[in-house]
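Working notes, structure below.
Start at 1 with the first residue, then count along the sequence. Keep in mind it's a predicted model, so treat the numbers as computed, not measured. Reckoned from all heavy atoms, side chains included, excluding hydrogens, waters and symmetry mates.
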Amino acid sequence: QLQLVESGGGLVQPGGSLRLSCTASGFTFEHFAIGWFRQAPGKEREGVSCISSSDGSTFYYDSAKGRFTISRDNAKNTVYLQMNSLKSADTAAYYCAAGPLCTDYDGIYDYWGQGTQVTVSS
């Protein structure tokens with residue numbers, strides 16, 4: 001059964017850190033780029049970061065630059081998103097997705113997880 005499962009979300013104070021995980025099963029994980037997206041209430045889904053399948057190149061979109069780090073462990077079928085210096089504006093549901101290449105266009109991704117909630121609040 002093809003599946004992406006996110007974990008690691010929660011409540012954190014402004015300036016704090018969280019590490020999200022995205023664990024895959026049921027498909028050849030290392031052949032796919034893995035992207036992270038987020039969606040806040042009343043807002044469109046936006047790209048956060050992506051890591052390619054071929055050479056592990058990393059991409060960070062506007063919301064993540066300088067604060068987030070993406071990495072992957074193909075042996076564990078897992079991609080991580082380390083989020084530092086969190087702000088209230090980072091509050092959203094975070095989703096990982098698998099696709100053929102890295103882009104912040106969500107329509108290209110084939111498989112999606114159910115999401116994990118990140119809330120940044122004092």
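Judged by a 6.0 Å distance limit and a 45° cone about the ring axis, R72 is not positioned over the six-membered ring of F32.
In this structure, D110 and G99 approach most closely via the heavy-atom pair OD2-CA, 3.9 Å. Between A40 and A92, the shortest heavy-atom distance links the atoms N-CB, 3.8 Å. Here the closest heavy-atom approach between residue A64 and residue Y60 is recorded as CB-CD2, 4.3 Å. For the pair P14 and S122, the tightest heavy-atom approach, listed with the atom from each and the gap, is CD-N, 3.7 Å.
In this structure, the side chain of S21 does not engage the main chain of Y80 through any donor-acceptor pair within 3.5 Å.
Annotation: side chain of S25 is in contact with side chain of Q3 (closest heavy-atom distance under 4.5 Å). A 4.5 Å side-chain heavy-atom check between M83 and D90 finds every atom pair outside the cut-off. At a threshold of 4.5 Å between non-hydrogen side-chain atoms, the residues E46 and D62 do not count as touching. In this structure, the side chains of F29 and V79 come closer than 4.5 Å at one or more pairs of heavy atoms. Taking the side chain as every heavy atom from C-beta outward, L4 and C22 approach each other to under 4.5 Å. Counting heavy atoms from C-beta on, the side chains of L86 and F68 come closer than 4.5 Å.
Separating the CG atom in L101 from the OG atom in S52 is a distance of 9.5 Å, to the nearest 0.5 Å. Summarising the geometry, atom CD1 belonging to I51 is positioned 9.0 Å from atom CD1 belonging to I34; distances are rounded to the nearest 0.5 Å. Put simply, CG on L81 and SG on C50 are 11.0 Å apart, with the number rounded to the nearest 0.5 Å. One distance of note links CH2 of W112 with CG of D106; it measures 5.0 Å at 0.5 Å rounding. Once rounded to the nearest 0.5 Å, the distance linking CG of L20 with OG1 of T78 reads 12.5 Å. A distance of 9.5 Å separates OG1 of T23 from CD of E6, quoted to the nearest 0.5 Å.
For Q114, the CD atom sits in a loose shell: 12 or fewer heavy atoms of surrounding residues, nucleotides or ligands are nearer than 6.0 Å.
Both V120 and W36 sit in one connected hydrophobic cluster of ILVMFWY residues. Membership requires side-chain heavy atoms under 4.5 Å apart, directly or through other members.
Partner of F37 under the ring-ring contact (aromatic ring centres under 6.0 Å, His included) criterion, out of Y61, Y109, Y105, Y94: Y109 alone.
A donor-acceptor contact closer than 3.5 angstrom is absent between the side chains of T119 and T91.
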